[in-house]
Amino acid sequence: MSKISAAITAVGAYVPEYILTNQILETMVDTNDEWITSRTGIKERRILKDEGKGTSFLAIQAAKNLINKKGIDPKDIELVIVATATPDMKAASTASYTASEIGATNAFSFDMDAACSSFLYGMSVAASYIESGRYKNVLLIGADKMSSIINYKDRATCIIFGDGAGAVLFEPNTENLGFQDEYLRSDGTGREFLQATYGGSSFPITHEAMDEGGQYAFQEGRTVFKNAVFNMADAAVKILERNNLTKDDVNWLVAHQANKRIIDATAQRIELEEEKVMLNIHKYGNTTSATLPLLLSDYESQLKKGDNLIFAAFGGGFNWGSIYLKWAYN
Ligand code: UT7
């Protein structure tokens with residue numbers, strides 16, 4: 001019997017309608033379009049404004065988009081994973097609600113959080129369930145409402161992040177397409193440089209903390225930047241070396257969209273031509289768990305069966321890594 005690999009067989013996406021441009025941010029904090037564009041590559045990001053709607057709203061829309069495009073019966077989905085750093089609530093999983101709302105009533109479901117690497121790690125988990133033969137339809141959704149943890153008075157974070165969601169379906173494949181290899185790492189000593197300190201179990205939220213914006217994500221941008229550049233590029237190099245791939249074997253770099261300079265540095269390190277680097281940071285900013293599936297959605301029409309895709313991500317924690325996947329359909 002041939003080996004079972006885990007292939008992505010469908011993609012879906014959703015971004016909210018409201019567009020927060022650099023020009024609007026200029027009226028909110030001391031910044032300007034030239035600074036944001038040259039330092040990050042971001043021109044605009046999407047924000048979910050509707051009261052009472054959380055990350056599940058984004059996840060549900062992306063999943064419905066996939067279900068409609070692929071024409072699958074949601075009752076056939078066996079597992080729903082929502083990769084997110086901004087769950088709807090502290091208790092009650094976002095994935096369970098999402099699964100019910102999309103009609104995946106035969107599925108079990110759970111959330112996964114590894115900050116900006118949530119979707120990358122989620123790919124590893126989803127693929128493992130398929131490769132083991134336990135399940136045949138795993139829906140992995142990357143969704144974040146970053147605007148819910150951003151301080152719109154802090155110019156070091158509010159210019160970067162946006163809201164969005166993307167979804168992929170993993171199914172078994174016997175042609176050796178799909179998931180090939182992974183190199184995943186974590187270093188908890190990095191958590192002081194990017195965190196939302198209050199509101200968790202170490203430091204429950206207090207009035208005093210809220211007065212100082214302690215519930216919002218804070219980052220020491222320069223330190224995160226340096227670690228992201230080094231580790232994302234290093235992981236991509238390692239995955240190429242381990243699989244005896246040269247730059248000519250790579251069709252696409254699918255890199256976390258946190259800062260165009262980090263993406264460029266990763267591409268340069270593996271000597272990849274610009275036209276092989278997926279890019280949409282100018283439209284959406286950093287949507288945390290949604291960046292990778294939003295790229296797949298934007299570039300889906302250009303992908304060909306057998307294409308070699310190198311995924312790479314870096315995020316708070318720190319968590320980072322790279323995955324090698326062969327695309328499974330035209
Ligand atoms: O998804 C994973 C997690 N996040 C990341 O990967 C983000 C990684 N970090 C970055 O992308 C960058 O560090 C930032 C975009 C956050 C900042 O860019 P930078 O080139 O590292 O700037 P910096 O923090 O070194 O600041 C340079 C200057 C400072 O002014 P002085 O001290 O030189 O006078 C900042 O105060 O730019 C100033 N600055 C700004 N100026 C205009 C910082 N933010 C802004 C701003 N507009 N929004």
Side-chain angles (χ1 to χ4, degrees), residues 11-16 45-48 50 52-66 77 79-102 104 107-127 129 138-150 157 160-170 184 186 191 194-196 199-201 215-217 219 256-258 284-297 311 313-321 323:
V11 177
Y14 176 77
V15 288
R45 54 300 282 140
R46 302 301 183 102
I47 305 292
L48 180 58
D50 315 35
K53 285 184 181 165
T55 292
S56 64
F57 177 79
L58 303 166
I60 291 162
Q61 308 311 311
K64 282 183 176 171
N65 177 238
L66 181 149
I77 298 170
L79 166 59
V80 176
I81 304 172
V82 173
T84 185
T86 53
D88 281 5
M89 297 170 188
K90 283 268 171 280
S93 105
T94 303
S96 304
Y97 182 70
T98 300
S100 293
E101 288 295 304
I102 62 173
F108 73 108
S109 53
F110 57 86
D111 296 349
M112 264 197 64
D113 178 11
C116 291
S117 294
S118 299
F119 189 85
L120 188 84
Y121 284 20
M123 288 175 67
S124 169
V125 173
Y129 274 116
V138 177
L139 183 66
L140 172 64
I141 308 169
D144 267 304
K145 184 182 167 185
M146 291 307 292
S147 60
S148 65
I149 58 163
I150 292 302
T157 52
I160 296 175
F161 292 100
D163 303 339
V168 299
L169 185 70
F170 275 96
L184 305 176
S186 296
R191 84 168 175 180
L194 173 49
Q195 60 177 241
S201 56
Q215 74 276 31
Y216 295 123
Q219 69 169 346
H256 175 53
Q257 309 281 294
Y284 307 134
N286 181 351
T287 54
T288 301
S289 310
T291 60
L292 301 180
L294 281 175
L295 284 172
L296 292 179
S297 172
F311 292 77
F314 180 90
F318 295 140
N319 301 307
W320 71 94
I323 283 175

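Here Ser109 contributes atom OG and Ile81 contributes atom CD1; the two are 10.0 Å apart, rounded to the nearest 0.5 Å. Considering OG of Ser118 and CG of Leu140, their distance stands at 10.0 Å, rounded to 0.5 Å. Atom CG in Asp111 sits 14.0 Å away from atom OH in Tyr97 (nearest 0.5 Å). Atom CZ of Arg46 sits about 11.0 Å away from atom CG of Asp163, to the nearest 0.5 Å. In this structure, OG1 on Thr287 lies 5.0 Å from CG on Leu294, to the nearest 0.5 angstrom. Atom CG in Asp144 sits 12.0 Å away from atom CG in Leu48 (nearest 0.5 Å).
Phe161 pairs by the ring pair (Phe, Tyr, Trp, His ring centres under 6.0 Å) definition with nothing, not counting sequence neighbours. Applying the ring pair (Phe, Tyr, Trp, His ring centres under 6.0 Å) criterion to Phe110, with sequence neighbours excluded, gives no partner residue. Taking Phe311 as the reference, nothing meets the ring pair (Phe, Tyr, Trp, His ring centres under 6.0 Å) condition, with sequence neighbours excluded. Every residue meeting the side chain to side chain donor-acceptor pair (under 3.5 Å) condition with Thr55, not counting sequence neighbours, appears here in chain and number order: Thr86. When the ring pair (Phe, Tyr, Trp, His ring centres under 6.0 Å) test is applied to Tyr121, no partner is found at least two apart in sequence or on another chain.
Pairing each heavy atom of Ala85 with each of Ser289, the nearest pair is N-OG, 3.9 Å. Across all non-hydrogen atoms, the minimal contact from Thr94 to Asp88 is OG1-N, 2.9 Å. Nearest heavy-atom pair, Gln61 versus Tyr14, reported as atom, atom and distance to 0.1 Å: CB-CG, 3.3 Å. For the residue pair Leu139 and Ala63, the shortest heavy atom distance occurs at CD2-CB, 4.0 Å. Closest approach of Ala196 and Gln215 over heavy atoms only: CB-O, 3.8 Å. Nearest heavy atom pair, residue Lys145 against residue Lys53, reads NZ-O, 2.9 Å.
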> For Tyr216 and Thr157, what are the C-alpha separation, side-chain angles and deciding distance, and is it a side chain to side chain contact (heavy atoms under 4.5 Å, CB included)?
Replying inline: CA-CA 10 Å; Tyr216 295 123; Thr157 52; over 6 Å; no
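At least one side-chain heavy atom of Ser124 sits less than 4.5 Å from a side-chain heavy atom of Leu184. When side chains are defined from C-beta on, His256 does not count as touching Leu120, because their heavy atoms never get closer than 4.5 Å. With a 4.5 Å cut-off on side-chain heavy atoms, Asn286 and Met146 do not count as touching. Considering only heavy atoms from C-beta on, Pro16 comes within 4.5 Å of Leu58 through its side chain.
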Residues 314-321 side chain polar contacts: donor-acceptor under 3.5 Å, at least two apart:
| unit_1 | atom_1 | unit_2 | atom_2 | d |
| --- | --- | --- | --- | --- |
| Asn319 | OD1 | Ser186 | OG | 2.9 |
| Asn319 | ND2 | Ala114 | O | 3.4 |
| Asn319 | ND2 | Gly316 | O | 3.1 |

